[in-house]
Amino acid sequence: PPSLGIVIFHLQSQPPRVTGLPSLAPFRLTGREVLTPFPGLGTAAPAQGGAHLKQCDLLKLSRRQKQLCRREPGLAETLQDAAHLSLLECQFQFRHERWNCSLEGRTGLLKRGFKETAFLYAVSAAALTHTLARACSAGRMERCTCDDSPGLESRQAWQWGVCGDNLKYSTKFLNNFLGPKRGSKDLRARTDAHNTHVGIKAVKSGLRTTCKCHGVSGSCAVRTCWKQLSPFRETGQVLKLRYDSAVKVSSATNEALGRLELWAPARPGSPTQGPAPRPGDLVYMEDSPSFCRPSKYSPGTGGRVCSREASCSSLCCGRGYDTQSRLAAFSCHCQVQWCCYVECQQCVREELVYTCKH
Ligand SMILES: *[C@@H]1O[C@H](CO)[C@@H](O)[C@H](O)[C@H]1NC(C)=O
């Protein structure tokens with residue numbers, strides 16, 4: 001069966017469900033996208049009956065996953081939302097890299113063991129964990145609602161109209177959705193599973209307890225606390241840092257446990273294996289290609305816009321860049337008018353745009 005990362009990125013061929021989100025192509029990220037996703041859907045009821053079954057059939061899932069999807073109203077939409085979220089975040093985090101997360105028609109990468117593959121597995125697992133936990137608390141799922149961990153006054157929180165993100169349900173569901181732990185198997189399976197769990201953990205470690213005071217003029221006589229996920233942009237940033245410091249692994253059979261384990265390769269001159277990767281490390285098996293030229297892994301960097309001071313030399317891989325000038329409008333001669341707004345004129349100035357040669 002396909003593992004989650006692959007599932008999620010195959011889903012992207014579906015158009016995004018939510019209108020009002022930036023469409024996938026052509027689009028340019030500014031970094032100000034609202035990634036605490038899907039405002040305005042909080043009150044939408046899960047799709048009813050037949051519509052929901054049909055949505056599950058349209059998704060590229062294994063047989064088992066399709067069954068789980070059919071049993072869980074609201075899940076198909078959540079999967080689509082998660083796919084969209086992980087793609088947006090991947091493209092944002094890699095906007096200055098040679099590989100910019102453009103996967104259209106180039107999914108060869110998902111079958112390899114590059115650092116980029118590791119990031120894709122982690123970010124898609126993280127996006128699904130995040131989106132599902134939010135879908136529960138937003139009332140978009142039939143089988144889960146708010147976080148109800150003991151110790152927090154969440155029952156009270158519920159009365160005050162706040163509802164904790166249900167990470168417990170989401171993680172449990174995801175582990176089941178991914179299938180039984182595939183024991184030893186091969187290095188590839190261990191690597192993917194490890195990176196998937198790095199993604200889930202990254203979401204978990206961003207869970208915060210938020211409190212709100214009630215009572216006479218902020219006296220805090222009553223305090224309500226609930227659990228809230230951090231914005232997905234923060235999780236994306238954490239995972240990008242893990243990508244930057246990803247650890248290359250090879251495998252060794254643990255004789256005592258009789259299963260395959262991940263190890264860093266031995267240092268030159270050292271007779272023993274390197275250390276085992278830490279649970280939070282992204283791990284990869286093979287060095288990445290340069291991504292400079294079109295291949296089955298990327299469209300290459302020809303045509304990419306770069307910054308002459310910062311990125312052109314590395315992004316263009318030494319091929320050089322073209323310079324074009326274009327006119328850009330901006331606000332100018334602004335004056336404060338009585339009372340209280342600012343009136344500006346539109347001016348035009350010349351801007352230079354640098355793009356990598358093909
Ligand atoms: C990624 O780069 C390619 C050119 O190499 C470009 O066509 C594509 O639009 C870029 N994608 C994003 C999301 O910026």
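Counting starts at 1 for both ligands and their atoms, following the listed order. Along the sequence shown, residues are numbered consecutively beginning with 1.
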Mark yes or no for whether Asp281, through its side chain, and Val283, through its backbone, hold a donor-acceptor pair below 3.5 Å. no
When Ser290, Pro294, Pro289 are each screened for side chain to side chain contact (heavy atoms under 4.5 Å, CB included) with Cys292, the one that passes is Ser290
- Message: Using 30° and 60° as the class boundaries, would you call the ring planes of Phe114 and Phe291 parallel, tilted or perpendicular?
- Response: perpendicular
Practice item. Evaluate whether the separation between SG of Cys306 and SG of Cys312 stays below 2.5 angstrom. Key: yes
So for Gly300, does at least one of its heavy atoms come nearer than 4.0 angstrom to any atom of ligand 1?
yes
One finds that the ligand 1 atoms under 4.0 Å from a non-hydrogen atom of Gln91 are 13 (C)
Review point. Hey, is ligand 1 close enough to Ser102 that some N/O pair sits below 3.5 Å?
Key: no
In terms of its nearest heavy atom to atom 3 (C) of ligand 1, the top option of Leu88, Asn100, Leu315 is Asn100
Any heavy atom of Arg95 under 4.0 Å from ligand 1? The part involved is neither
Here the gap from Thr131 atom OG1 to Arg140 atom CZ, rounded to the nearest 0.5 Å, amounts to 8.5 Å
